[in-house]
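Before any comments, here is the structure.
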Number of protein chains: 2
Amino acid sequence: MTQIDVEQPDTLARKIYDGLCREITSGKLKPGTVLSRRKIAAAYGTSYVPVIEAMVRLEGTGLIETESSQMARVCRVTLESIQHTYVLREAFETQAIRLACEHATPQEIEELYQMAEDVQASVPQPETAADRQASEEGLRVHWLFHRRIAEISRCPLLVQELERAELHQRLRANWIYVPEMAEPPRQHAMLVDAIKAADVEAADAVMRAHVRLGLEKELHHYRLQSTRRQD
Amino acid sequence: MTQIDVEQPDTLARKIYDGLCREITSGKLKPGTVLSRRKIAAAYGTSYVPVIEAMVRLEGTGLIETESSQMARVCRVTLESIQHTYVLREAFETQAIRLACEHATPQEIEELYQMAEDVQASVPQPETAADRQASEEGLRVHWLFHRRIAEISRCPLLVQELERAELHQRLRANWIYVPEMAEPPRQHAMLVDAIKAADVEAADAVMRAHVRLGLEKELHHYRLQSTRRQD
DNA sequence: GTGATACTGATGATATATCAGCGTGTCAAG
DNA sequence: CTTGACACGCTGATATATCATCAGTATCAC
């Protein structure tokens with residue numbers, strides 16, 4: 001999306017990948033939906049050779065899964081899958097903030113404080129709670145903040161991996177509604193505080209707690225809604 | 001390789017992927033080598049449709065890179081690429097040992113102690129130093145140990161990511177000779193000690209130091225040999 | 001009526017063919 | 001000797017065709 005530096009060859013395979021990616025992360029394609037290469041090719045008006053590349057890429061991203069040489073399906077959401085992606089996210093984000101402590105310039109720190117405020121401001125007010133639109137905007141701003149930390153770590157691989165985690169979260173967010181409960185104030189500003197203090201261990205601890213809080217929140221609502229999701 | 005649980009459909013794309021993977025990690029294909037899909041198809045006696053899938057997979061694994069719609073090449077080894085893969089490895093391994101602290105059974109801890117001894121034993125004796133064969137065996141045992149920790153973390157995604165890191169290391173190991181210097185004794189046993197004590201923070205610290213030591217060693221020899229590698 | 005067999009349609013895997021882009025070499029004109 | 005243009009070959013991207021497999025269904029024999 002914001003990959004300005006990466007050349008995007010205007011290839012059909014790329015378009016199909018982007019299209020499927022959007023369809024999955026936007027909730028148009030439900031987890032568990034089977035994906036026929038031929039039907040996708042027909043839907044996009046292409047032959048299905050480009051579809052092969054797109055699907056393999058999607059599998060690498062982790063948005064689809066193919067079990068035992070059968071048809072591919074949109075990744076299903078289970079308690080384990082949620083936990084496991086948070087394990088990875090915790091690994092990435094703590095590592096990112098550790099490096100950010102070492103590399104962040106004063107200007108970047110100021111920028112992060114501004115973004116932290118934006119995140120805080122995007123927490124829906126009571127009247128807009130349960131507003132899907134506001135929730136999505138909040139999610140977007142939230143990821144922007146975390147992504148910026150990864151960028152400041154100066155490790156492109158971390159950014160890339162974090163993006164994958166974001167895609168997963170977006171996939172789930174369409175089926176697990178996690179209301180943005182009023183967070184303790186300065187939740188994110190505290191992360192920037194730690195970076196500013198360049199206290200690596202403290203930053204790690206704060207970020208770890210932050211990610212785990214997110215996991216607990218999502219798991220809580222997943223359990224609440226999993227009974228109703230028996231369709 | 002040891003993916004017993006994962007079904008390996010006997011497909012040509014899979015064979016090409018495995019073949020290329022082996023050629024790259026064994027050093028038969030030099031970093032920077034350009035890979036023509038048609039030539040690969042010819043070499044494997046297939047059409048090049050299966051090659052597409054294999055190459056996209058390899059790109060996902062990070063063993064090959066395609067810059068700006070040009071031909072794909074075997075990933076080149078640079079100072080940055082080494083550092084970045086170690087950043088990821090540090091993230092994975094510290095996360096893995098943290099979870100291992102929580103999940104390891106007494107039996108698994110015993111097993112790890114045994115493997116740690118094997119690693120220690122595989123450190124080449126002075127007379128076999130600079131022995132390529134012994135070095136490879138040492139590397140193998142070493143990764144077996146780390147991989148086991150990841151397995152004990154009960155998070156398959158961590159194992160998977162660690163495997164990618166291992167592939168990268170194997171790719172580099174053919175071009176950067178890192179002699180197994182005599183390590184401080186109980187280097188790896190200390191990791192198991194931390195797991196046994198279930199001291200998450202200590203385990204994290206020990207593992208982080210262990211990985212960074214590996215990075216320093218590899219960077220040191222990379223710098224030593226980089227002048228000679230101007231061919 | 002029941003069970004087995006054959007047919008049908010969909011799928012993924014693969015092969016072959018076509019197209020456009022890009023570099024390179026060669027040959028002719030200046 | 002330089003320079004420019006054209007042709008050839010290689011590349012990746014894509015389309016189309018063929019194959020085996022498998023599931024579902026219908027049909028036929030008993």
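Lettering follows sequence order; numbering is per chain, from 1. Computed from a prediction, not measured in an experiment: that's the story for all the values here.
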Exercise for the section: Could you check how far OH of B:Tyr44 sits from P of C:dA13, rounded to whole Å? Expected result: 19 Å

Completion exercise
Quick note, B:Met71 side chain, CB onward, closest among D:dT11, C:dT14, D:dT14 is D:dT11

Completion exercise
Separation of C:dA15 atom C1' from B:Leu12 atom CG, nearest Å, is 10 Å

Exercise for the section: May I ask you to say what A:Arg38 touches in the nucleic acid, namely base, sugar-phosphate or nothing, with a heavy-atom cut-off under 4.0 Å? Expected result: base

Practice task
Decide whether B:Glu59 and B:Thr66 meet the rule of one side-chain donor and one side-chain acceptor closer than 3.5 Å.
Solution key: yes

Handout entry: For atom CZ of B:Arg14 and atom P of C:dG12, their distance in whole Å
Key = 17 Å

Fill in the blank from the handout: Between CD1 of A:Ile40 and P of D:dT14 the distance, given in whole Å, is 15 Å

Practice task
Report yes or no: do A:Arg164 and A:Gln169 form a side-chain donor-acceptor pair below 3.5 Å?
Solution key: no

Completion exercise
5'-most contact on DNA chain D (nearest-nucleotide basis), B:Val49 vs B:Ser36, goes to B:Ser36

Exercise for the section: For the side chain of A:Lys39, starting at C-beta, report the closest nucleotide among D:dG12, C:dT14, C:dT11. Expected result: C:dT11

Problem - Flag for A:Glu218-A:Tyr86: side-chain donor and acceptor within less than 3.5 Å - result: yes

Handout entry: Integer-rounded Å distance: D:dA13 C1' and B:Met55 CE
Key = 13 Å

Completion exercise
Taken to the nearest whole Å, CD/A:Glu53 to P/D:dA13 is 6 Å

Practice task
Would you mind telling me which of C:dT11, C:dT14, D:dT11 lies closest to the side-chain atoms of B:Thr11?
Solution key: C:dT14

Practice task
Give one of base, sugar-phosphate or nothing for A:Leu35, where a contact means two heavy atoms less than 4.0 Å apart.
Solution key: sugar-phosphate

Practice task
Ignoring the backbone of B:Arg37, work out which of C:dG12, D:dG12, D:dA15 is nearest its side chain.
Solution key: D:dG12

Handout entry: B:Tyr48 OH - D:dA13 C1' separation (whole Å)
Key = 6 Å

Problem - Shortest non-hydrogen contact from B:Ala104 toward B:Ile195 - result: CB-CG2, 3.7 Å

Exercise for the section: Report the relative orientation of the aromatic rings in A:His210 and A:His146; use parallel for angles under 30°, tilted for 30 to 60°, perpendicular for over 60°. Expected result: parallel

Practice task
Report the distance from atom CZ of A:Arg73 to atom C1' of C:dG12, rounded to the nearest whole Å.
Solution key: 16 Å

